[in-house]
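Step one of this worksheet: look at the structure below.
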There are 2 protein chains.
Amino acid sequence: MNNVQDEPLRDQKKIRRRLQILEIARAIIATKGLRSLKVRDVAEAAGCSVGSVYNEFGDFDGVILTVNRETVQALTVRLAGVPSEDPVHQLYGLAETYLAFFAEHANLLRSLFEHRMEDDRPYPDDILQMVMDAFALMHPPLVRLLPEADDVKIALLSRTLFSAVHGIISLGLEERMVAVPPQMLRQQVDQFLDAHLTGLGILSVR
Amino acid sequence: MNNVQDEPLRDQKKIRRRLQILEIARAIIATKGLRSLKVRDVAEAAGCSVGSVYNEFGDFDGVILTVNRETVQALTVRLAGVPSEDPVHQLYGLAETYLAFFAEHANLLRSLFEHRMEDDRPYPDDILQMVMDAFALMHPPLVRLLPEADDVKIALLSRTLFSAVHGIISLGLEERMVAVPPQMLRQQVDQFLDAHLTGLGILSVR
DNA sequence: ACTCATATTGAACATTGTTCAAATTAACGC
DNA sequence: GCGTTAATTTGAACAATGTTCAATATGAGT
């Protein structure tokens, strides 16, 4: 067993604090946006010094990247929960779930997609991989709907669909670009899928 | 006449410097990204003090916003140059021109779409309006192709198409998301339009 | 309880946006 | 031209914020 009693006190506190820092950072990003995230604010709210934040995460980007990592994970869980009996419904479900998640956590998603590293350090591979995995959830329904298409075609198509839906949603929720009301946005996404799936021959023309 | 001889010397210098500051800021954003833009670098390269940058643009956001404004203008000019004889070709042309422009000026476009103001000041209305005007260039061809659709439907559709294409291109060019080679991206955009326009009944099923 | 390795601290530093009193400069009337 | 004046320009000082590291405190092992 490896329960909490076995953990040295030192590590317990470390772990607890790590979680607290992340919780606070996430809350600030979610409510006030990435640009409002400040080391000192996080340290103060977590009841520790700025040095501790650095000990735990290396640099401030480390905090942001960890929050982003957890955002993709949460998104993946939500997307994986979409019912998969009917592949067409599944595709609509994935898009609508993405919309719902984006609407709930707009600033967290923006942090994921818009954050640029200091200098020109590369974005961590594992996060990229997680994003890819998330939209690979479209593969199975697409394979079922287009049995004769090869893997490359499926991969390309899922990437296209994901990117297109992402564009519609992210620009649609951008307040500054004359935000579309959420209900209307859902309709917009559905109509987009109607047209696109029809064009792919998946839905029949009405 | 209002030629350069009539301008007081003071204003001439002011105008020249304003242009120079913008040119330098644009060059830095374009080559090293928005995050690498620093007041002192700009001032030094323009041969003036940091104070002058502030006198001219109010604050540093002012410089960025002015560069962004000029980016939309340049984009609009390019898009407006797409031939309009055939509405279907025009739509493809608009998308491909957007792709070409985005590929050439990726960092400038990211600055336009991703820059967030300090605090929560609103993004200037005139820039939003310019972006709207840019993608309103899709209205005429869509009206010709869908004569029975009302204005609201056209506006919504053009917004959807623009957002979708923007998503495909911006994620496709994102190095960190496993960048798609430009040639492949063009194919991807074309295939997207094929399917979507077919689904809308604009292209006939092959 | 003592020792030692480790974690934590926060003051000091580095970088970068912002301000403003002082210096400079151009415009104008003579 | 020259002095006066209003406007502009300057850059040192300030403010905000990311980062470091020597000194301190703390938990683990005996």
Side-chain angles (χ1 to χ4, degrees), chain A residues 2-22 24-25 28-29 32-68 111 115-121, chain B residues 2-22 24-25 28-29 32-68 111 115-121:
Chain A
N2 202 1
N3 64 23
V4 69
Q5 268 91 4
D6 295 347
E7 287 289 329
L9 177 57
R10 209 174 39 195
D11 295 0
Q12 278 187 51
K13 288 170 77 173
K14 197 182 178 73
I15 292 172
R16 176 188 304 276
R17 180 153 65 204
R18 183 186 172 87
L19 293 180
Q20 198 173 4
I21 290 173
L22 287 175
I24 289 161
I28 293 176
I29 296 177
K32 297 192 295 182
L34 184 56
R35 226 186 136 162
S36 300
L37 188 68
K38 305 290 150 74
V39 217
R40 283 170 179 76
D41 292 348
V42 172
E44 192 185 5
C48 69
S49 69
V50 293
S52 293
V53 177
Y54 278 80
N55 288 340
E56 192 58 40
F57 294 95
D59 61 11
F60 205 48
D61 272 351
V63 181
I64 298 167
L65 292 176
T66 307
V67 170
N68 288 350
S111 169
H115 175 59
R116 314 253 152 217
M117 308 280 287
E118 193 63 55
D119 306 313
D120 286 321
R121 279 186 299 176
Chain B
N2 203 4
N3 65 20
V4 68
Q5 269 89 4
D6 295 348
E7 288 288 329
L9 175 58
R10 214 173 37 197
D11 295 1
Q12 279 188 49
K13 288 169 76 174
K14 196 183 180 71
I15 291 172
R16 173 187 306 275
R17 180 152 65 205
R18 182 187 172 87
L19 293 179
Q20 197 172 3
I21 290 174
L22 288 174
I24 288 160
I28 293 176
I29 296 176
K32 299 193 293 184
L34 184 55
R35 224 184 138 164
S36 301
L37 188 68
K38 305 290 149 74
V39 216
R40 284 170 179 75
D41 293 348
V42 172
E44 191 185 5
C48 68
S49 68
V50 293
S52 294
V53 177
Y54 278 80
N55 288 340
E56 192 58 40
F57 293 97
D59 60 10
F60 205 48
D61 272 352
V63 180
I64 298 167
L65 292 176
T66 307
V67 170
N68 288 350
S111 169
H115 175 60
R116 315 252 153 218
M117 306 283 286
E118 193 62 55
D119 305 313
D120 285 320
R121 279 185 301 174

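Just the heavy atoms: all of them, side chains too, but no hydrogens, waters or symmetry mates, feed the values below. In the text below, chain A, chain B and the rest are named by the order of the sequence lines, each starting its count at 1.
Close to dG11(D), at under 4.0 Å from its OP1 or OP2, lies no side-chain N or O of Ser49(B). Taking side-chain N and O atoms only, Ser52(B) has a distance below 4.0 Å to OP1 or OP2 of dT10(D).
One interatomic measurement links the two molecules: NZ of Lys14(A) to C1' of dA25(D), which rounds to 15 Å at whole-angstrom precision. Between Gln12(B) atom CD and dT8(D) atom P the separation is 15 Å, expressed in whole Å. For the pair Glu56(A) CD and dT6(C) C1', the computed distance is 14 Å after rounding to whole Å. When rounded to the nearest whole Å, the span between CG of Asp61(B) and C1' of dT18(C) equals 12 Å. Regarding Lys13(A), its NZ atom lies at a distance of 8 Å from the P atom of dT26(D), rounded to whole Å. The distance from atom CZ of Arg17(B) to atom P of dT8(D) is 11 Å, rounded to the nearest whole Å. Distance Arg16(B) CZ to dA26(C) P: 13 Å, rounded to the nearest Å. Taking atom CD1 of residue Ile15(A) and atom P of nucleotide dT8(C), one finds them 12 Å apart after rounding to whole Å.
A salt bridge is defined here as a Lys NZ or Arg NE, NH1 or NH2 lying under 4.0 Å from an Asp or Glu carboxylate O, and Glu56(B) with Arg17(B) fails to meet this definition. One finds a salt bridge joining Asp59(A) and Arg121(A) here, because a Lys/Arg side-chain nitrogen approaches an Asp/Glu carboxylate oxygen to under 4.0 Å.
Formation of a donor-acceptor pair under 3.5 Å by the Asn68(A) side chain with backbone atoms of Ser111(A) is found in this model. Side-chain atoms of Ser52(B) do not come within 3.5 Å of backbone N or O of Cys48(B) as any donor-acceptor pair. Using modelled atom types, one side-chain atom of Arg35(B) and one backbone atom of Arg116(A) make a donor-acceptor pair closer than 3.5 Å.
Between Asn55(A) and Gly47(B), the residue anchored nearer the 5' end of DNA chain D, judged by the nucleotide with its closest heavy atom, is Gly47(B).
Side chains of Lys38(B) and Phe60(B) form no contact here, defined as non-hydrogen atoms less than 4.5 Å apart. A 4.5 Å side-chain heavy-atom check between Ile21(A) and Val53(A) finds at least one atom pair inside the cut-off.
Among the atoms of the strands shown, none is found under 4.0 Å from any heavy atom of Arg35(A).
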For nucleotides 11-17 of chain C, 5' to 3', base contacts (B), sugar-phosphate-only contacts (S) and non-contacts (-) with protein non-hydrogen atoms under 4.0 Å give BB---BB
